[in-house]
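Inspection log for the structure reproduced underneath, given as structure tokens.
Chain identifiers are assigned alphabetically (A, B, ...) following the order of the sequence lines, protein sequences preceding nucleic acid strands; residue numbering begins at 1 within each chain.
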Amino acid sequence: MSTVLERPAVEPAAREPEQAEKLVIFAWSGELDKVWPTLILATTGAAMGKETTVFFTFWGLFPLVKNDVRITGENWMQRMLSMMNRGGTEHLKLSKMNFAGAGRAMMKRLAGEHGVASPQELMDMARELGVKLVPCQMTMDLLGLTRDDLIDGLEEPAGATTALAEAQGAITLFI
Amino acid sequence: MSTVLERPAVEPAAREPEQAEKLVIFAWSGELDKVWPTLILATTGAAMGKETTVFFTFWGLFPLVKNDVRITGENWMQRMLSMMNRGGTEHLKLSKMNFAGAGRAMMKRLAGEHGVASPQELMDMARELGVKLVPCQMTMDLLGLTRDDLIDGLEEPAGATTALAEAQGAITLFI
Amino acid sequence: MSTVLERPAVEPAAREPEQAEKLVIFAWSGELDKVWPTLILATTGAAMGKETTVFFTFWGLFPLVKNDVRITGENWMQRMLSMMNRGGTEHLKLSKMNFAGAGRAMMKRLAGEHGVASPQELMDMARELGVKLVPCQMTMDLLGLTRDDLIDGLEEPAGATTALAEAQGAITLFI
């Protein structure tokens, strides 16, 4: 935070960890065109030295599902939902102009041609840069997702209290 | 704000009310899957002791309509809009996979089975916890909504200036 | 920021520009009902004296296209996309209930009747009030948009690093 610049007289030892520059993203959307800004902002923030946390909730949890897991859930409702909304970074759809996948394919090709990293590459980069990727426990329960359905390298599942505690003093975005 | 922790030497008397931890949500969406995080974050924030304000604007105003009010508006355009997009916490739709209500019903049943409070329960809880629920005056004018169409326990309708003044120094989310 | 109020003993000379009240909006959506809050909040923030920046990215870039430019892009994919999603403030659609333009026309008429400025008026107002309107360079590359396709009075195209640097200590909203 800029408070470091603002108070030159305060000695470094007095600085609590809370003073660090932080970025907290509430990733609610599971769609390709929202996962992109989520992960681009998260990796950029981390590369800039900000403590970066992404709290994946609701539809936002689907991109954290392993790409090779087909059906998730413990009951027919959850299983049906996962069939219609397959998880994993390789199965994301555009929020509009998806056209049964044609729009998505086009957007991915354009991205590739212009050197924009894929969601999977960005997810890997985020983990390497130390971005804290936190799955929402309540959503996991709701959708019947187990820790085994999700990719490696995530933080412990947590709830809104954890996310809001982290968000105080941070750049906060709900995507 | 964490500034309280950061500067232990400042004596309490110097702390202005602005220093309190705050959460300000701009609730733009009127859909079930967005009303949920709005109210879960708002009630969690308030329970954590944060001064919490939700500014309901545009589609976000519909969940504040009384559940037993069927048609709102002063002219045919506003009335038509309210017919197609019925207000009230009991009539919220999913932003996707709603399937004429089947998706919504499923999601509500899953929520019930996993102990997630309903939007109505969360709205009641928010009021009890002292969350400031502020309807956007401009949207009320635009949609022809009167104060009588809306539930009790709300703050006075206000505008963007009020919302932004409240947002300074707060965790801010546009949902 | 409220820090000015919090620390009356600090002399003005010690205040860095970073301490100013700031508003930074990440404008991701190009739809009428999202462009409205983006520009209403931006102009209100600027009128309140906040340093205001809007970073237009992804679909959010389309409202910055000149109203008289019909097709943009350098290859068939980009051109097809621009055909289906025409840019410019005069061609924005509602995110829902657009009904092939009927919903949009209705909403615009209601806005006119209730003294709500049009997106074009708000865009002009934003530039007059000194709101920094920043197009996202990466999105321009992705969509094949050139600087000539976009309206006048914008800042230099920039990326996520610039946007996040600006966002530190600001009210931040992802719309």
Side-chain angles (χ1 to χ4, degrees), chain A residues 1-10 20-29 31-50 52 94-97 99 102-103 105-117 122 167 169-175, chain C residues 1 3-4 6-7 9-11 14-20 22 24-31 55 57-60 73-78 80-81 83-85 93 95-96 98 136-144 159-175:
Chain A
M1 278 195 300
S2 51
T3 44
V4 174
L5 295 171
E6 288 160 21
R7 288 176 288 111
V10 175
E21 295 200 349
K22 292 195 297 181
L23 167 62
V24 175
I25 298 177
F26 294 75
W28 174 89
S29 308
E31 280 146 344
L32 178 59
D33 40 357
K34 291 250 173 130
V35 170
W36 247 321
T38 297
L39 293 177
I40 288 170
L41 288 168
T43 50
T44 305
M48 290 168 78
K50 298 184 197 296
T52 304
L94 281 179
S95 69
K96 61 176 191 176
M97 308 216 182
F99 299 121
M106 213 168 86
M107 199 59 86
K108 281 185 151 178
R109 187 166 142 196
L110 283 175
E113 286 173 4
H114 290 90
V116 178
L122 288 164
I171 299 173
T172 49
L173 302 169
F174 186 97
I175 300 188
Chain C
M1 279 196 301
T3 45
V4 173
E6 288 160 22
R7 288 176 289 112
V10 175
E11 57 174 295
R15 286 180 206 146
E16 305 282 327
E18 288 85 340
Q19 281 179 273
K22 293 195 295 181
V24 175
I25 300 176
F26 294 75
W28 174 89
S29 309
E31 280 147 344
F55 182 70
T57 185
F58 224 85
W59 308 111
E74 291 156 350
N75 60 42
W76 70 268
M77 288 187 290
Q78 293 166 341
M80 205 169 91
L81 196 67
M83 271 182 63
M84 293 182 300
N85 193 50
K93 298 170 190 164
S95 69
K96 61 177 191 176
N98 192 57
C136 169
Q137 180 67 63
M138 198 187 79
T139 310
M140 288 177 63
D141 295 345
L142 200 67
L143 302 176
T161 310
T162 305
L164 285 176
E166 198 68 34
Q168 199 68 49
I171 299 174
T172 49
L173 302 170
F174 186 97
I175 300 186

(request) Would you name the heavy atoms of A/Asp33 and C/Trp28 that are closest together and state the gap between them? (result) O-NE1, 2.8 Å

(request) With a 4.5 angstrom heavy-atom cut-off, could you sort out which part of C/Met77 is near chain A: side chain, backbone, both or neither? (result) both

(request) Give the C-alpha distance, both sets of side-chain angles, the deciding distance and a yes or no for side chain to side chain contact (heavy atoms under 4.5 Å, CB included) between C/Phe26 and A/Ile175. (result) CA-CA 10 Å; C/Phe26 294 75; A/Ile175 300 188; over 6 Å; no

(request) Identify which part of A/Lys96 has an atom lying under 4.5 Å from any heavy atom of chain C, answering side chain, backbone, both or neither. (result) both

(message) Measuring from atom CZ of C/Phe174 to atom CG of A/Leu41, what distance do you get when rounded to the nearest 0.5 angstrom?
(response) 7.0 Å

(request) Enter the distance from A/Glu113:CD to C/Asp141:CG here, rounded to the nearest 0.5 Å. (result) 12.0 Å

(message) Less than 4.5 Å to any heavy atom of chain A: does that hold for the side chain of C/Glu166, its backbone, both, or neither?
(response) neither

(message) Could you measure the distance from the CE atom of A/Met107 to the CZ atom of C/Phe58? Nearest 0.5 Å is fine.
(response) 4.0 Å

(message) On a heavy-atom basis, which atom in A/Met48 and which in C/Thr161 lie closest, and how many Å separate them?
(response) CE-O, 3.5 Å

(request) Return yes when atom CE of C/Met83 has more than 12 non-hydrogen atoms of other residues, nucleotides or ligands closer than 6.0 Å, and no otherwise. (result) no

(message) Measuring from atom CG of C/Leu173 to atom CG of A/Leu173, what distance do you get when rounded to the nearest 0.5 angstrom?
(response) 8.5 Å

(request) Name the region of C/Ala163, side chain, backbone, both or neither, that has any atom closer than 4.5 Å to a heavy atom of chain A. (result) neither

(message) Is A/Met97 in contact with chain C via its backbone, its side chain, both, or neither, using a 4.5 Å heavy-atom distance?
(response) side chain

(message) Distance check, rounded to the nearest 0.5 Å: A/Lys34 atom NZ versus C/Trp59 atom CH2?
(response) 12.0 Å

(request) Against chain A, label C/Leu164 side chain, backbone, both or neither, depending on which of its atoms sit under 4.5 Å from a heavy atom there. (result) both

(message) At a 4.5 Å cut-off on heavy atoms, which part of C/Asn75 comes close to chain A: side chain, backbone, both, or neither?
(response) side chain

(request) Kindly compute the distance separating CH2 (A/Trp36) from OG1 (C/Thr139), expressed to the nearest 0.5 Å. (result) 10.5 Å

(message) At a 4.5 Å cut-off on heavy atoms, which part of A/Leu23 comes close to chain C: side chain, backbone, both, or neither?
(response) side chain

